[in-house]
Amino acid sequence: MAAAKKVFGAAEASDLVNELRRSFDDGVTRGYDWRITQLKKLLVICDNHEHDIVEALRHDLGKPELESSVFEVALLRNSCKLALKQLKNWMAPDKAKTSLTTFPASAEIVSEPLGVVLVISAWNYPFLLSIDPVIGAISAGNAVVLKPSELAPASSALLAKLLEQYLDPSAVRVIEGNVNETTLLLDQKWDKIFYTGSSKIGRVIMTAAAKHLTPVVLELGGKSPVVVDSNTDLKVTVRRIIAGKWGCNNGQACVSPDYILTTKEFAPKLIDAMKHELETFYGKKPMDSKDMSRIVNSNHFDRLSKLLEEKDVSDKIVYGGDKDRENLKIAPTILLDVPLDSLIMSEEIFGPLLPIITLNNLEESFDVIHSRPKPLAAYLFTHNQKLKERFAMTVSAGGIVVNDIAVHLALHTLPFGGVGESGMGAYHGKFSFDAFSHKKAVLYRSLFGDAPVRYPPYSRGKLRLLKALVDSNIFNIFKVLLGLS
Amino acid sequence: MEAMKETVEESLSEMRDTFASGRTRSLKWRKRQIAAIYEMVKDNEDKLCSVLFQDLGKHSTEAFRDEIGHVLRSATVAINCLDKWAVPKKSNLPLLFFPAKGKVISEPYGTVLVLSSWNFPISLSLDPLIGAIAAGNTVLLKSSELSPNASAFLAKTIPAYLDNKAIKVIEGGPDVATILLQHQWDKIFFTGSPKIGRIIMAAAAQHLTPVTLELGGKCPTIVDYPTISKNIKSVVKRITGGKWGSCSGQACISVDYVLIEKSFASTLIDMLKPLIRSFFGENPKESGCLSRIVSKQHVQRLSRLLNDPRVQASIVYGGSIDEDNLYVEPTILLDPPLDSEIMNEEIFGPILPIITVRDIQDSIGIIKSKAKPLAIYAFTNDENLKTRILSETSSGSVTFNDVMIQYMCDALPFGGVGESGIGRYHGKYSFDCFSHEKAIMEGSLAMDLEARYPPWNSFKLSFIRLAFSEAYFKLLFLMLGLKRSK
């Protein structure tokens with residue numbers, strides 16, 4: 001007989017924040033040792049519970065073991081190890097340069113925790129998108145509440161269980177639930193909110209945050225385009241697109257290649273190569289392949305079906321299109337030249353459907369991308385150096401990847417985040433630590449060396465000296481001081 | 001209003017077209033525009049002093065120090081450093097990804113909105129403008145209607161000096177701001193009160209527009225008398241100059257209140273009084289060195305703060321108000337009740353409460369009980385106290401043994417935390433404030449690893465696991481068949 005679920009109402013939400021704030025004010029989370037201990041425990045979770053995590057992901061998403069091990073556990077393990085190794089460096093103040101105007105002085109920038117932060121994660125990579133931000137929050141010295149997505153219930157329950165078991169409950173908590181619990185949490189005052197999810201909800205989060213002037217990081221999504229030049233290694237290109245699309249949670253990823261742009265001339269070759277490699281990867285009956293996640297739930301299944309069934313879209317399917325609602329499966333599907341104003345080309349697909357849009361020349365791809373909201377990622381496959389440079393300089397997206405898909409996620413030296421509709425703020429590596437820190441400016445002045453020029457009553461002489469100081473021109477300053485100016 | 005709506009839409013459309021044309025991406029264009037701002041300020045120094053005197057009664061020296069000089073410096077730094085700031089930052093990638101390359105480039109957001117404030121109407125307009133232009137954006141500036149002469153100057157003069165298809169000025173009050181906020185901007189930069197900051201952020205949320213909010217708060221000044229008594233004269237000068245010498249206390253980083261041990265309070269007050277007289281004369285209203293209050297409304301606000309009988313009873317110096325001349329006398333209070341209005345909202349005026357504590361260490365508790373301020377000042381030579389202040393309080397910035405001057409240090413980020421704001425600027429931080437840091441990764445099409453692709457098997461799983469943990473030797477063994485796959 002399952003235990004009755006604890007009620008989580010407004011009072012509980014308020015008590016939760018107050019309790020964590022007390023812990024924070026008591027200094028529980030500030031010390032290096034506490035942060036290291038928590039991070040080590042997170043590493044232990046990765047090491048000792050990989051099997052449990054893989055099982056939860058299989059239950060929630062039908063995620064293949066390799067994807068779970070690599071794209072969730074291994075990435076988290078690396079993230080923990082990096083934080084453990086670098087934390088001392090990250091916590092150390094940065095010296096800042098002072099100038100003649102503020103002499104004598106020394107200055108530094110001190111990283112301090114923001115306080116009590118809220119992390120709201122998504123269902124598609126429930127462990128990665130929950131724990132990676134939590135690693136950032138903890139390394140920066142904050143108390144943190146995690147609200148995992150209810151659309152991945154086994155993962156949510158496992159996260160709650162593991163974090164409760166291993167981490168310090170006075171400062172790290174998990175609240176499970178749905179929109180009701182999220183709303184109650186959003187009514188509270190947080191020192192930072194970190195949200196991963198859709199642009200629509202991102203607006204709701206930021207609006208709620210505005211009431212308390214709470215800064216936010218919003219990791220949203222968008223339609224990440226892939227531009228494919230005929231001047232490329234076709235086999236490698238196609239394999240990487242397939243692995244990046246269907247090999248990453250079956251297209252249900254924020255940086256999933258959403259649609260392809262290529263020339264009319266090259267498209268047939270591209271499509272043939274894709275069909276060939278898709279068969280190599282997933283066999284003649286991809287619906288039976290164990291190497292792809294399923295669609296997360298029937299709502300999303302129906303949403304994707306609707307995209308396929310739209311008039312002038314359904315007849316553009318050139319590969320796949322099979323659906324199995326009972327098992328929540330849709331075969332890898334390629335479409336050719338659907339209308340640019342169709343639903344499938346207007347909203348983020350987040351599924352195993354890949355439209356290919358053909359153009360007269362590749363130049364036009366810039367206009368197509370530019371006319372749409374800024375995506376989280378934009379991809380280009382080409383050998384052409386000039387095209388690479390132009391793409392990197394003129395396409396605005398969270399991040400640009402040339403000749404690969406999605407791998408920039410794994411690189412802790414690159415900030416990962418969006419722009420415009422795809423989000424604000426960034427994280428990964430030190431950027432996570434920074435995302436959850438306030439960089440406090442500290443200026444140390446001496447009580448000697450006071451310039452009367454600072455004080456009233458004001459005079460012409462003082463004004464002249466001030467002007468010379470502003471120019472920071474020693475010569476002028478001496479001239480004025482000696483009365484020569 | 002309809003005409004205003006149309007103006008806004010046309011302006012936005014033109015600025016977007018200009019941005020799309022790529023003109024603002026050129027570093028040469030950006031430097032030319034910033035140089036034009038420099039010229040505009042230099043050519044019009046006298047006019048600027050005049051408008052600041054008309055709007056706020058600012059003395060020309062104060063106007064130069066706090067506004068004109070600041071903008072000139074800011075422009076100079078931007079022109080000198082822009083090439084360096086705009087260089088892409090190379091990122092080191094792990095060996096596994098060899099020969100891939102990674103870098104981060106700063107790209108402009110696009111078309112940005114700067115909403116400035118009335119107390120430093122020139123520098124709080126032009127400094128963010130310099131940052132927005134340095135980062136390559138097109139910008140619309142809305143200056144404050146409470147400083148109408150400065151606002152009119154900017155509206156008239158900026159178009160004469162700058163590229164007016166890219167940089168525009170609009171005048172007006174809250175109704176104009178409301179129209180502006182209905183549109184989608186790529187970034188909004190706001191200087192003002194926390195109350196309006198909330199409105200701005202909520203409006204920005206509708207379009208997922210990132211914001212920088214430079215707000216305010218009650219900036220406390222701790223005076224640890226025993227450890228700085230040898231230099232008490234300097235301390236008192238700095239506090240007096242900082243409080244009343246900069247827009248008569250109407251500054252976001254103004255000394256809001258002082259904290260001092262009870263036994264030293266009268267010494268401090270006895271030194272403040274003659275110094276105020278020496279700075280501002282027997283009749284500060286006539287001195288010409290004290291800014292006036294910006295508007296009748298603000299005089300009434302300050303008046304209300306003083307009207308509380310308990311606060312009235314705590315006046316130890318000053319207290320007189322001349323509403324018609326927008327004058328509030330430099331006023332010192334000794335221990336107004338901590339629950340009075342004046343001790344719970346940002347004063348933003350020439351009234352200085354001195355709060356006594358039994359032990360200077362108790363100041364920290366008082367500071368923590370209030371919202372996080374933009375700045376904390378502490379006059380002390382006690383290293384332990386300094387450490388406690390740094391680690392136990394939170395504020396935009398902390399300055400030891402001085403006040404206000406952190407504003408001039410462009411190597412330090414200037415911004416708040418919590419109620420005092422979001423984001424920061426000055427120096428390179430201005431450039432970053434108006435830039436999107438875009439990650440670029442370039443992989444190689446050669447050197448493809450089979451292990452990356454389905455169908456999955458235990459070899460591939462082992463391979464990737466080892467690769468991720470950068471256990472390169474074990475990886476090598478696996479590939480040579482010397483290690484079994486799990």
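Quick note on labels: first sequence line is chain A, next is B, and so on, each numbered from 1. Note that the structure is predicted; figures quoted are calculated from it, not measured.
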*Asks:* Quick test of your reading of the model: are A/E50 and B/R465 salt-bridged, counting only N-O distances below 4.0 Å?
*Replies:* yes
*Asks:* Ignoring hydrogens and angles, tell me if any N or O in the side chain of B/K438 forms a donor-acceptor pair with the backbone of A/V395 under 3.5 Å.
*Replies:* yes
*Asks:* For a 4.5 angstrom cut-off between non-hydrogen side-chain atoms, does B/R238 reach A/R445?
*Replies:* yes
*Asks:* How are the rings of A/Y458 and B/H59 set relative to one another: parallel (under 30°), tilted (30 to 60°) or perpendicular (over 60°)?
*Replies:* tilted
*Asks:* Can you tell which of A/S396, A/A377, A/A243 has the highest number of heavy-atom pairs within less than 4.5 Å of chain B?
*Replies:* A/S396
*Asks:* In this structure, are over 12 heavy atoms from other groups packed under 6.0 Å from B/K90 atom NZ?
*Replies:* no
*Asks:* Just how far is it from atom NZ of B/K101 to atom NZ of A/K388, taken to the nearest 0.5 Å?
*Replies:* 7.0 Å
*Asks:* Nearest 0.5 angstrom please: A/K439 NZ to B/S397 OG, how far?
*Replies:* 15.5 Å
*Asks:* Once rounded to the nearest 0.5 Å, what's the spacing between atom CG of A/L463 and atom SG of B/C49?
*Replies:* 7.0 Å
*Asks:* Which heavy atom in A/V236 sits nearest to a heavy atom in B/L445, and how many Å separate them?
*Replies:* CG2-O, 3.5 Å
*Asks:* Output all residues satisfying side-chain hydrogen bond (donor to acceptor under 3.5 Å, both in side chains) with A/K81, sequence neighbours left out; order by chain, then residue number.
*Replies:* none
*Asks:* Output yes when a side-chain donor or acceptor of A/K440 lies under 3.5 Å from a complementary backbone atom of B/V417, and no otherwise.
*Replies:* no
*Asks:* In terms of side-chain geometry, is the basic nitrogen of B/E450 or A/R239 positioned less than 4.0 Å from the acidic oxygen of its partner?
*Replies:* yes
*Asks:* If you count heavy-atom pairs under 4.5 Å between each of B/I376, B/L208, B/N92 and chain A, which one has the most?
*Replies:* B/L208
*Asks:* Using a cut-off of under 4.5 Å for heavy-atom pairs, which of B/P455, B/G241, B/A202 has the most such pairs with chain A?
*Replies:* B/P455
*Asks:* Let me confirm one number: the CG-CD distance from A/L414 to B/E437, rounded to the nearest 0.5 Å.
*Replies:* 11.5 Å
*Asks:* Kindly write out the residues that satisfy salt bridge (charged side-chain N to carboxylate O under 4.0 Å, His left out) with A/E65, not counting sequence neighbours, or none if the list is empty.
*Replies:* none
*Asks:* Charged N to carboxylate O under 4.0 angstrom, B/R452 versus A/D404?
*Replies:* yes
*Asks:* If you count heavy-atom pairs under 4.5 Å with chain B, which of A/Y282, A/W246, A/F391 comes out on top?
*Replies:* A/Y282
*Asks:* Let me know if A/A209 has heavy atoms under 4.5 Å from chain B in its side chain, its backbone, both or neither.
*Replies:* both
*Asks:* Which atom pair, heavy atoms only, marks the closest approach of B/P454 to A/F281?
*Replies:* O-CD1, 3.1 Å
*Asks:* Who among B/S395, B/A203, B/G110, B/P88 has the most heavy-atom pairs with chain A under 4.5 Å?
*Replies:* B/S395
*Asks:* What's the separation between atom CD1 in B/I464 and atom CG in A/L66, rounded to the nearest 0.5 Å?
*Replies:* 4.5 Å
*Asks:* Using a 3.5 Å distance criterion without hydrogens, assess whether the side chain of A/T413 forms a donor-acceptor pair with backbone atoms of B/S91.
*Replies:* no
*Asks:* Enter the distance from B/E419:CD to A/H212:NE2 here, rounded to the nearest 0.5 Å.
*Replies:* 10.0 Å
